[in-house]
Amino acid sequence: MPIHNADIAARFEEIADLLEIQGENPFRIRAYRNGARTLSDLTLDMAELLERDKGIPHLPGIGKDLAAKIKEIVDTGTCAKLEELRKAVPAGVPALLKVPGLGPKRVKLLMAALDIRSPAQLQRAAREGLVREIPGFGELTERHIREALEAQLGQVKRLTLAHASQYAEALVDYLRQLPEVKQAVAAGSYRRAKETVGDLDLLVTTSDPQGVMSAFVAYDEVQKVLSQGETRATVILASGLQVDLRVVPEESFGAALQYFTGSKAHNIAIRRLGQRRGLKINEYGVFKRTRRVAGDSEQSVYAAVGLPYVEPELREDRGEIEAAREGHLPHLITLEDLKGDLHSHSKATDGRNTLMEMAETAREQGLTYLAVTEHSRRLAVTKGFDPARLARQGEEIDRLNTELKDITLLKGIEVDILEDGRLDLPDSTLSSLDLVVGAVHSHLALSRKKQTERLLRAMDHPYFSILAHPTGRLIGEREPCEIDMERVIRAARERGCFLELNAHPERLDLNDIYCKMAKSECVLVSIASDAHSVIDFANLRFAVGQARRGWLEAADVLNTRNLAQLRLLLRATR
DNA sequence: GCCGTTTTCGGCCCGACTGTTTTCAGTCG
């Protein structure tokens, strides 16, 4: 079993949980969690580095001790420290930390007083009314534990960004129409355009906090109010989504928005910068002793610690603070930078609309070209194209292009990459097209070596232009294929072809980390809708969000070029 | 356990809400 960075990160999280239950130094615990986060954000594969005898490079939050543990975990699958901790704490106990309202202190109390060793035992004890008898617990706490354990069975997964946007936009609209509300925005991971959102964080400024709070908990989708104070409330919607609302005075809007946008790691780093300058930063502003020196706007908060404004999508403590300090922040791509779309389908295969309808909608969205890329014959369920049908569509595209104004249809194909890396259509067919988008739709479970070589062979093909949804993942449904993305990206650079960032809300593939990696290797990314109907062009904004999280600028994206420039770049791949 | 533009030792972000207590600990974000 190969050990991936995610596996090492999981071991570190487990160590942190176990140390927490033992009541260890909280900063030591945080060190393990920071190490875990660094590893899961990393593109370098630790196991591979060690295999090639490269040693572990200097990484933020990974010191001598954690580096040694990484090596030990890669070599043995575990580490002595973890095994020692596992022996000291019963196996079901870490799961108790996941129960809302239970932290390490209460878990310890439960173990000591009632010998609770698993969520099941806790559920029984809570039903029998034993929990309330423990000093520090009470009837209400017991009820909350019982309800939380029962609810956990049907626990909601994280929503895709697109799904969350439906709830967020409706709620923000609701709050904005309240007369006492000055500003209302969604902050948190939603504002950072993270691909999935666990809960919504809303921020409101008002002169009447009480009124806003009452209106918020009265929103008709609210099923349960978890907490409600003067400036903060937490509710659960009927859909199961948790929503936190924070209310601050108008002059604190910037500081509060900065704080509630996160990420947590980014905020900690910013506050530490503040500390060094003798400043205290909280959601109400930036303070020098008791004097408020900034906080009206986010810009003012960053300026107070000597930094330029940092875009929300960059705020993950992945190097943005250093880049800001050195004046190297990227000028991030925007939706308006996209000049065209290089992946779409029509009724001819598994799409819903005609070519004309697709073209006109794309044009309405400000696009000036649209590549038609139907599936190839191998994907029979989609009525994929054989050479003859593809040729006939080519004639139709020629005819439409004489009728269409301000937009050009390009002839393409989403050709299946077969198990051995060959393409599903002959060269004579592919050579007649403007671009060839290659995609894997079968044999997703090949070994890392085979899957990687399959992609490399496909990309080596003389007419190959763009690798579509490179990892094949479906968020929350299907894990990415095992691929050595570092090799794929390097191969794309050498070959001169491109990688796609697919805008389908469940794909968003490439992800942010791989986008950044492609950028560092100077491989252009195609931000593509993969539209199967006219409404799918709207998904482009989520892909742009992902691209921004991956530090991409307009120049890093293939389809920010105008048609003439694009044709040159596509021709150069051949 | 990590880290250093005051530091290689002694710090490590900061505040709101709840429940149980009678002034605050625990948890959460």
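The structure displayed is predicted, hence computed values, not measured ones. By convention in this document, chain letters (A, B, ...) are assigned in the order of the sequence lines, proteins followed by strands, and residues within each chain are numbered from 1.
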(message) Would you measure the distance from the C1' atom in B:dT8 across to the matching atom in B:dC3 and give it in whole Å?
(response) 9 Å
(request) Rounded to whole angstrom, note down the P distance from B:dC12 over to B:dT6. (result) 16 Å
(request) Specify the separation, in whole Å, of atom CD of A:Q210 and atom P of B:dC17. (result) 11 Å
(message) Rounding to an integer number of angstrom, what distance separates B:dG10 and B:dG15 when you compare their C1' atoms?
(response) 24 Å
(request) Report yes if a side-chain nitrogen or oxygen of A:K64 is closer than 4.0 Å to either non-bridging phosphate oxygen (OP1 or OP2) of B:dC3; otherwise report no. (result) no
(message) With rounding to the closest Å, how many angstrom separate the C1' atoms on B:dT5 and B:dG1?
(response) 23 Å
(message) When you measure from the centre of the six-membered ring of A:Y259, is the NZ or CZ of A:R271 closer than 6.0 Å and no more than 45° off the axis?
(response) yes
(request) Determine which nucleotide pairs with B:dT8, using a 3.5 Å limit on both distances of a Watson-Crick or G-U wobble pair. (result) none
(request) Write down the distance between CG (A:L226) and P (B:dC17), rounded to a whole number of angstrom. (result) 14 Å
(request) Assign a letter to each nucleotide of nucleotides 20-29 of chain B from its 5' end: B, base within under 4.0 Å of a protein heavy atom; S, sugar-phosphate only; -, no contact. (result) S-----SSSB
(request) Search all heavy atoms of A:P57 against all heavy atoms of A:M46 and return the closest pair with its distance. (result) CD-CE, 4.4 Å
(request) Answer yes or no: is there an ion pair linking A:R549 with A:E311, defined by an N-O contact shorter than 4.0 Å? (result) no
(message) Taking A:K71 first and then A:D75, would you say they form a salt bridge - that is, a charged N and a carboxylate O separated by under 4.0 Å?
(response) yes
(request) Hey, which sits more toward the 5' end of DNA chain B by its nearest nucleotide, A:I281 or A:Q228? (result) A:I281
(message) With a cut-off of less than 4.0 Å, is there a side-chain N or O of A:Q275 near OP1 or OP2 of B:dG11?
(response) no
(request) Quickly work out the A:I62 CD1 to B:dC3 C1' distance and round it to whole Å. (result) 14 Å
(request) For A:K108, report the nucleic acid contact type (base, sugar-phosphate, nothing); a contact means any heavy atom under 4.0 Å. (result) nothing
(request) Could you say whether A:I268 or A:Y284 is positioned toward the 5' end of DNA chain B, judged by the nucleotide with the nearest heavy atom to each? (result) A:I268
(request) Would you kindly give the CG-to-P distance between A:L59 and B:dC2, to the nearest whole Å? (result) 12 Å
(request) Decide whether A:Q183 and A:T205 meet the rule of one side-chain donor and one side-chain acceptor closer than 3.5 Å. (result) yes
(message) I'd like to know if A:R143 pairs up with A:E147 as an ion pair, taking the criterion as any Lys NZ or Arg NE/NH1/NH2 lying under 4.0 Å from an Asp or Glu carboxylate oxygen.
(response) yes
(request) For B:dC28 versus B:dC13, give the span between their C1' atoms, rounded off to a whole number of Å. (result) 14 Å
(request) May I ask you to decide if the ring planes of A:Y302 and A:Y309 are parallel, tilted or perpendicular, using 30° and 60° as cut-offs? (result) perpendicular
(request) Report the distance from atom CD of A:Q258 to atom C1' of B:dC14, rounded to the nearest whole Å. (result) 12 Å
(message) For a quick check under 3.5 Å, do A:E320 and A:H266 share a side-chain donor-acceptor pair by atom type?
(response) yes
(request) In whole angstrom, give me the gap between the C1' atoms of B:dC14 and B:dC9. (result) 24 Å
(message) I want to check one thing: is the phosphate of B:dA16, taken as OP1 and OP2, less than 4.0 Å away from some side-chain N or O of A:S227?
(response) no
(request) Let me know the distance between CZ of A:R272 and C1' of B:dG4, rounded to the nearest Å. (result) 11 Å
(message) When the C1' atoms of B:dT21 and B:dC17 are compared, how many Å lie between them, rounded to an integer?
(response) 15 Å
(message) When you measure from the side-chain N and O atoms of A:N267 to the phosphate of B:dC13, is any distance below 4.0 Å, counting only OP1 and OP2?
(response) no
(message) I need the residues from residues 11-41 of chain A with at least one non-hydrogen atom less than 4.0 Å from DNA chain B; give them sorted by number, or say none.
(response) A:N25, A:F27, A:R28, A:R30, A:A31, A:Y32
(message) Rounded to whole Å, please give me the gap between CG in A:L273 and P in B:dC3.
(response) 15 Å
(message) If the condition is ring pair (Phe, Tyr, Trp, His ring centres under 6.0 Å), which residues does A:Y167 pass it with, not counting sequence neighbours?
(response) A:H163
(message) Any carboxylate oxygen within less than 4.0 angstrom of a Lys/Arg side-chain nitrogen, looking at A:R315 and A:E298?
(response) yes
(message) Does this structure show an ion pair linking A:K264 with A:D317, if we count only N-O contacts that are shorter than 4.0 Å?
(response) no
(message) Between B:dT23 and B:dA16, how many Å separate the two P atoms, rounded to a whole number?
(response) 22 Å
(message) Is the phosphate of B:dT18 approached by A:H144 (side-chain N or O, under 4.0 Å from OP1 or OP2)?
(response) no
(message) Can you measure A:R276 atom CZ to B:dT6 atom P for me and round it to whole angstrom units?
(response) 9 Å
